[in-house]
Amino acid sequence: MPKYNPSVIEPKWQNWWAEQKTFRSPRLPRGEKAFILDMFPYPSGDGLHVGHPEGYTATDIVSRYERMRGTSVIHPMGFDAFGLPAEEYAIRTGTPPRESTARNTATFRRQLQMLGFSYDWDREISTTDPEFVRWTQWIFLVLYDTWFDSHRQQGRPISELKIPDEIHELGEVSVGTYRDSHRLAYQSEAPVNWCPELGTVLANEEVIGGVSERGGHPVIRLPLRQWMLRITAYADRLGSELESLDWPESIKKLQRDWIGRSTGAEVDFFLPAQDASEKDMNDAFLTWKIHRKANGYPAQVSGDCLRIYTTRPDTLFGVSCMVIAPEHPLRGQVTQPAQADVVHDYCDAASRKSDLDRTDLSQEKTGVFTGSYCIHPLTGKCVPIWIADYVLASYGTGAIMSVPAHDTRDFEFAEAFGLRIISVIEPNDGDGVDAQVFTGYGRSIASGSYTGMDSKAFIEKVAADLLKIGIGSPATNYKLRDWLFSRQRFWGEPFPILHELNELGQPTGVVRALDPQELPVPLPKLSDYRPGKTPDPPLSRADDDWLYVERDGKKYRRETNTMPQWAGSCWYYLRFLDPANNEQFIDPEIEKAWMPVDLYVGGAEHAVLHLLYSRFWHKVLYDRGFVSTVEPFARLVNQGMILGEVEFTGYRSSSGGWVSAGRQSSSDTPTKVFSEHVEKQGESFVLRDAPEVRVDSRAHKMSKSRGNVVNPDEIVQAFGADSLRLYEMFMGPLEATKPWSTSGVGGVRSFLDRCWRLVVDEGAENLQRSPQVTEGRPTDEQMRVTHRMLDKVTADIQSLSFNTAIAKMMEFVNFATPLQERPREMLSIFIATLSPFAPHLAEELWTILGHDSPVSLATWPLVDNRWLQDDTIEIPIQVQGKLRARITVPTGTDAKQLEAIAAAEPKIAALIDEKTIIKVVAIPDRMVNFVVKK
RNA sequence: GCCGGAGUGGCGGAAUGGCAGACGCGAAGGAUUCAAAAUCCUUUGCCCGCAAGGGCGUGUGGGUUCAAGUCCCACCUCCGGUACCA
């Protein structure tokens with residue numbers, strides 16, 4: 001009784017593929033190439049999740065299909081093993097990260113291999129391999145050695161940075177400082193996001209709503225020396241070069257919004273001596289204006305004015321006050337003695353607020369008056385200066401002009417402190433008139449010589465006017481901040497950087513990059529690798545042997561921060577192409593031949609992290625001539641999330657009775673209800689035994705705490721890898737979020753059983769071909785069904801519509817199962833078509849059908865178009881757009897004939913009899929519609 | 001609040017503006033079996049009807065069209081993301 005037994009045939013073919021190196025890719029592609037890439041996983045301690053195989057199966061199907069079409073395919077896999085998840089696991093289980101990572105990686109590798117993915121395992125990489133780390137560090141040196149030429153919009157070697165004469169004159173140290181201030185990798189001492197719970201600082205992108213993206217821990221602001229990457233230099237290109245990419249629009253938009261380019265104007269407000277008389281103030285203001293007109297708008301602000309950034313210079317006449325951030329550099333200068341105490345208290349409180357507090361309390365605007373005034377450059381009027389924490393120091397100039405009539409936040413601020421609200425824009429035609437605050441564009445009122453102008457024209461003109469008199473300038477700003485690139489954790493790449501020490505062992509502030517030949521810098525051996533409660537990195541506890549080095553007679557201390565999780569993933573795709581190269585990070589010939597990535601599949605959660613960071617690195621490598629493409633990932637597809645099985649939830653009150661869903665309060669306990677106790681009533685589900693009680697029906701995210709996590713190992717054991725692969729593709733569109741259903745896996749398993757029985761004689765003693773498999777020619781009908789299936793599956797693979805491809809193959813099996821004679825030729829086409837989806841079963845059946853070489857290397861069957869057409873076709877006939885009858889006509893029957901045949905159809909004839917036909921729409925091979933007069 | 005995405009049978013889901021519900025799950029019936037499992041076959045959107053047949057149906061309300069799940073306008077609900085960026 002040879003039944004379909006995946007637990008035998010799956011390992012058998014996996015071993016065979018591994019031994020034969022069936023999926024090895026050539027060094028260079030021959031003919032067409034396809035670089036098909038998955039987002040490589042973090043080998044966490046929990047093993048593979050059913051979400052992983054979804055994208056991996058999709059790319060595997062495409063890879064196998066492309067290979068069968070004769071394309072040179074590179075389809076690699078590796079592990080992103082540095083970083084917090086692995087390290088947290090290591091700490092939790094008390095094992096050194098390298099050991100736990102090795103173990104977790106082994107589990108992931110085993111699970112991936114168990115699913116029969118056609119990776120070229122000879123190209124496997126891990127970001128933690130010293131050889132990989134070496135090149136990650138090398139790229140850091142490239143970043144360190146690059147400055148951004150904003151005129152050319154290009155990164156260039158630091159040696160090509162022109163040193164201004166006045167800097168030269170100041171000597172070596174100043175030249176060094178000048179260079180350092182232009183490098184793409186630089187150190188900065190600024191308030192950063194410190195997460196005490198994780199024991200590290202985090203990048204902006206890793207902080208969401210004031211808490212850490214990973215773990216949801218609170219984050220506070222702390223000034224610290226950190227390594228930064230100047231991603232903001234590339235902001236324009238990261239935005240504009242998205243255009244050409246075949247990515248989901250939603251992801252492009254997410255990136256554009258994150259970059260957050262805005263245009264507007266900078267305006268300087270004159271800051272007079274506060275104790276001067278009104279006349280002196282006016283004189284000083286006039287002198288200042290004359291000076292500005294003569295010398296133009298200065299690039300650097302001096303202390304005699306307050307510079308603000310606004311996107312709406314057309315509201316300049318509606319200013320009621322200036323607001324500066326608590327951390328603004330002019331804070332001390334503008335704070336009058338009488339206000340010093342309140343200002344100090346306010347700013348002190350603001351600095352100690354966590355980001356979470358700042359956002360949480362966002363409803364109520366707070367602030368303090370400084371006691372100072374500045375002078376409006378166009379009206380000459382005095383404007384009070386306030387401090388408020390709703391203004392961010394890190395954006396624009398850290399100061400704004402507050403226009404309560406036309407900005408919601410300014411309005412709230414003005415309301416809270418009773419400030420004047422001056423309306424300067426009238427809506428054009430009643431849009432938004434009833435709102436308290438009008439933030440739209442319209443016609444200017446009470447705006448001096450600009451009164452009556454259209455907002456947009458105003459914006460252009462005033463920016464130009466201000467530039468002419470040296471008081472303002474058009475300006476562009478970005479929400480994107482420079483990338484905080486260092487972490488106070490153990491499990492990451494050490495920086496290839498040395499800090500010079502003086503005779504006393506104190507850092508001199510001079511930094512020295514290692515030579516490429518000195519790489520990799522290994523991680524030191526530590527007995528305690530846990531993060532500290534303070535920002536002092538674990539690496540600072542390393543032995544002196546590691547920590548201190550001597551070069552050219554000078555003593556140095558190594559950088560003890562490590563790189564963040566994202567470093568390795570920024571460039572791993574390149575290393576896959578040339579994983580063993582120990583001369584260079586990649587051979588340019590290989591890079592040119594394989595790049596860019598033709599299909600990149602992964603989760604949407606990386607939309608602004610990994611995908612933005614790696615694009616940035618890639619552009620730097622491109623500018624420096626190390627890679628040949630501007631963008632790394634030509635086509636991106638996000639697979640949707642797989643939720644847990646649908647659950648019904650009822651609510652029980654404290655007295656034990658049921659509470660209808662929607663009416664429950666937080667004191668009622670959610671209770672799981674089994675589906676057999678539930679029925680549908682109208683729009684909602686209710687308890688079968690108590691129909692007045694509604695229950696919620698919903699699939700939830702898989703999580704350990706909910707206990708709805710599906711383990712791929714168990715599914716493979718119960719149904720086989722081919723069933724898991726097929727089910728995940730059959731659930732619905734790749735990009736959709738969809739709930740898991742174990743009985744659905746059973747469904748595709750029985751489909752595979754049916755495939756097996758098409759070929760194998762289950763009644764026989766031994767494994768042998770079913771006697772119903774014949775050598776004869778397929779009938780015309782069989783050819784039609786087979787080629788139509790093939791045609792549909794081929795098209796669906798190309799559009800990644802795997803669910804409908806599988807449905808079509810199921811239809812084929814439904815057709816073929818009752819056949820008493822099943823030509824081998826027909827079955828061979830089917831098995832070849834099935835093979836990218838269920839490769840193990842396909843290999844086995846292919847062999848049983850008598851083929852010598854594996855189906856994985858077979859040629860994708862060619863669609864014969866003559867089988868796609870029928871001789872006759874059934875056509876719906878409508879009257880008044882309603883389906884009334886069907887007729888069968890020869891394919892290609894023209895409209896006139898079609899109309900005649902349709903009108904003659906008895907039922908139609910009865911319906912249109914004695915009625916006036918106004919119009920007949922007859923479309924050959926489609927439909928006929930009679931429009932009649934009532 | 002803002003930005004995405006989605007609302008189609010009991011469920012997952014199909015449908016170049018042209019026969020709504022392909023395919024699968026579940027359910028019901030039958031064949032096979034001593035019996036069960038497995039397998040095979042049939043039915044399965046809702047309502048009226050013994051039937052033939054008819055009516056109603058893609059979140060709601062309008063519109064465009066000979067024809068709308070699909071296009072346009074307004075709204076509702078759910079899911080996901082995001083939060084003072086001037």
Side-chain angles (χ1 to χ4, degrees), chain A residues 3 208-210 248-251 253-254 257-258 260-262 264 308-312 315 323 358-359 361-363 365 388-392 394-403 406-410 412-413 477-481 604-605 607-608 640-641 643 646 675 678-680 683 685 697-699 701 727 730-733 735-748 750-751 753-754 757 762 801 803-811 813-814 817-818 874-886 918-923 925-932:
Chain A
K3 291 207 160 190
I208 292 169
E249 261 324 300
S250 58
I251 298 287
K253 189 173 175 341
L254 236 46
D257 288 352
W258 187 262
R261 184 189 148 98
S262 85
I308 58 98
Y309 170 71
T310 178
T311 54
R312 297 295 300 273
T315 61
V323 186
R358 272 203 185 189
T359 46
L361 301 171
S362 64
Q363 312 307 337
K365 293 273 182 292
D389 66 1
Y390 82 92
V391 174
L392 306 176
S394 50
Y395 184 78
T397 60
I400 61 153
M401 61 176 197
S402 184
V403 185
H406 305 293
D407 182 285
T408 324
R409 297 151 302 182
D410 294 344
E412 286 166 6
F413 187 67
N477 266 297
Y478 300 91
K479 214 182 110 179
L480 182 71
R481 307 292 151 80
E605 66 273 20
V608 289
M641 209 193 329
L643 304 174
V646 174
S675 58
V678 165
E679 64 184 9
K680 183 117 185 194
E683 290 295 281
F685 285 90
S697 149
R698 193 157 101 78
K701 228 183 208 171
Y727 173 66
F730 186 59
M731 292 171 85
E735 285 155 279
T737 305
K738 13 183 205 283
W740 178 266
S741 155
T742 299
S743 61
V745 189
V748 294
S750 70
F751 162 67
D753 280 320
R754 285 154 67 85
R757 284 193 295 271
E762 269 197 331
S801 310
N803 53 332
T804 48
I806 293 165
K808 201 71 192 173
M809 291 191 282
M810 287 175 167
E811 282 184 55
V813 171
N814 291 343
T817 296
E874 196 187 55
I875 287 192
I877 315 297
Q878 302 173 347
V879 178
Q880 303 291 65
K882 284 198 174 187
L883 176 72
R884 293 298 175 183
R886 294 188 175 91
I918 302 168
K919 189 175 180 181
V920 181
V921 183
I923 300 164
D925 296 349
R926 266 281 141 89
M927 44 76 66
V928 182
N929 187 14
F930 292 94
V931 188
V932 298

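Judged purely by atom type and a 3.5 angstrom limit, A:S741 uses its side chain to pair as donor or acceptor with the backbone of A:G744. A donor-acceptor pair under 3.5 Å is absent between the side-chain atoms of A:N477 and the main chain of A:S262, judged by distance alone. Proximity of a side-chain donor or acceptor of A:K738 to a complementary backbone N or O of A:P733 within less than 3.5 Å is detected.
Of the C1' atoms belonging to B:A67 and B:G13, the separation is 26 Å, rounded to the nearest Å. For the C1' atoms, the distance from B:G26 to B:C73 is 40 Å, rounded to whole Å. For B:G69 and B:U58, the C1' atoms lie 5 Å apart once the distance is rounded to whole Å. Separation of the P atoms belonging to B:U43 and B:G49 is 23 Å when rounded to the nearest angstrom. With both ends at atom C1', the span from B:U82 to B:C72 equals 29 Å, rounded to whole Å. Separating the C1' atom of B:G63 from that of B:U70 is a span of 15 Å, rounded to the nearest Å. Atom P of B:G80 sits at a distance of 24 Å from the matching atom of B:U60, rounded to the whole Å. Between B:A31 and B:G61, the two P atoms lie 47 Å apart (nearest whole Å).
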_Could you go through A:M810 and A:F730, starting from their C-alpha distance and side-chain angles, then the distance that decides it, and tell me whether this counts as side-chain contact (heavy atoms from CB on, under 4.5 Å)?_
CA-CA 11 Å; A:M810 287 175 167; A:F730 186 59; 3.8 Å; yes
_Please evaluate residues A:I877 and A:R884 with respect to the criterion side-chain contact (heavy atoms from CB on, under 4.5 Å), reporting the C-alpha separation (whole Å), side-chain torsions for both, the decisive distance (0.1 Å), and the verdict._
CA-CA 6 Å; A:I877 315 297; A:R884 293 298 175 183; 5.7 Å; no
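Taking the side chain of A:P876 as heavy atoms from C-beta on, and the options B:C19, B:A14, B:G13, the nearest nucleotide is B:C19. Relative to the side chain of A:S750, the nucleotides B:C25, B:U82, B:A15 differ in distance, and B:C25 lies closest. Nearest nucleotide to the side chain of A:K365, out of B:G13, B:U82, B:C84: B:C84. Checked against B:A86, B:C3, B:C25, the side chain of A:I400 finds its nearest nucleotide in B:A86. Listed nucleotides B:A14, B:G81, B:C40 differ in distance to A:P733; the shortest reach to its side chain belongs to B:A14. Here the side chain of A:I208 is nearest to one of B:U82, B:A15, B:C3, namely B:U82. With B:G12, B:G4, B:C84 as the choices, the nucleotide that has an atom nearest any side-chain atom of A:D389 turns out to be B:C84.
Position along RNA chain B of the nearest nucleotide to A:A807 versus A:L883 favours A:L883 as the more 5'-ward residue. Along RNA chain B, the nucleotide nearest A:N803 and the nucleotide nearest A:P818 are compared for position; the residue whose nucleotide lies closer to the 5' end is A:N803.
Pairing for B:U39 goes to B:A31, judged as Watson-Crick or G-U wobble with the two contacts each under 3.5 Å. Pair check for B:C19 finds none; no Watson-Crick or G-U wobble contact set falls under 3.5 Å. With a 3.5 Å ceiling on both atom-pair distances, the Watson-Crick or G-U wobble partner of B:C71 is B:G63. Remark: B:U82 base-pairs with B:G1. Criterion, Watson-Crick or G-U wobble with two distances under 3.5 Å. Both distances falling under 3.5 Å, in either a Watson-Crick or a G-U wobble arrangement, occur for no nucleotide opposite B:A51. In this structure, B:U58 makes no Watson-Crick or G-U wobble pair, since no nucleotide meets both defining distances under 3.5 angstrom. Pair assignment for B:G24 gives B:C11, based on Watson-Crick or G-U wobble hydrogen-bonding distances that are each under 3.5 Å.
Atom NZ in A:K3 sits roughly 10 Å away from atom P in B:A38 (whole-Å rounding). Taking atom CE of residue A:M810 and atom P of nucleotide B:G24, one finds them 6 Å apart after rounding to whole Å. The distance between atom OH of A:Y395 and atom P of B:C84, rounded to the nearest whole Å, is 13 Å. The separation between A:K479 atom NZ and B:U82 atom P is 10 Å, rounded to whole Å. Here the C1' atom of nucleotide B:C11 and the NZ atom of A:K680 are 9 Å apart, to the nearest Å. Separating the CZ atom of A:R754 from the P atom of B:U39 is a distance of 9 Å, rounded to the nearest angstrom. The CZ atom of A:F685 sits 6 Å away from the C1' atom of B:G10 (whole-angstrom rounding). Taking atom OH of residue A:Y390 and atom C1' of nucleotide B:C84, one finds them 9 Å apart after rounding to whole Å.
Remark: A:K365 is not positioned above the aromatic ring of A:F413, lacking an NZ or CZ atom under 6.0 angstrom from the ring centre and at most 45 degrees off the axis.
Of the side-chain N and O atoms in A:S250, none sit less than 4.0 angstrom from OP1 or OP2 of B:G81. When the side-chain nitrogen and oxygen atoms of A:N814 are compared with OP1 and OP2 of B:A22, none of them lie within a distance under 4.0 Å. Note on A:K738: every side-chain N or O is 4.0 Å or more away from OP1 and OP2 of B:C11.
Summarising the geometry of A:N929 relative to A:Q880, their closest heavy-atom pair is OD1-N, 3.6 Å, with the distance given to 0.1 Å. A:D410 and A:V403 make their closest contact through OD2-N, 2.9 Å (heavy atoms, listed as atom of the first residue, atom of the second, distance).
For B:G9, the base adopts the syn conformation, since its glycosidic angle falls within 90 degrees of zero.
Under the 4.5 Å side-chain criterion, counting only non-hydrogen atoms from C-beta, A:L643 is not in contact with A:R698.
Within the 4.0 angstrom heavy-atom criterion, only backbone atoms of the sugar-phosphate kind lie near A:S262; the bases stay farther away. At the heavy-atom level, A:E679 lies nowhere under 4.0 Å from the strands shown. The residue A:R698 sits close only to the backbone: its heavy atoms come under 4.0 Å of sugar-phosphate atoms, none of a base. Residue-level contact check: A:G747 touches the backbone only, with heavy atoms under 4.0 Å from sugar-phosphate atoms and none from bases.
Using bins of under 30°, 30° to 60° and over 60° for the plane-to-plane angle, the ring pair A:Y395/A:Y309 lands in the perpendicular bin.
Judged by distance alone, with hydrogens and angles left aside, A:K808 brings no side-chain donor or acceptor close enough to the base of B:C23 to form a pair under 3.5 Å.
For A:R754, the side chain to side chain donor-acceptor pair (under 3.5 Å) criterion is met by A:N814, not counting sequence neighbours.
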*Footprint string (nucleotides 57-67 of chain B, 5' to 3'): B base within contact, S backbone only, - free, heavy atoms under 4.0 Å*: ---------BS
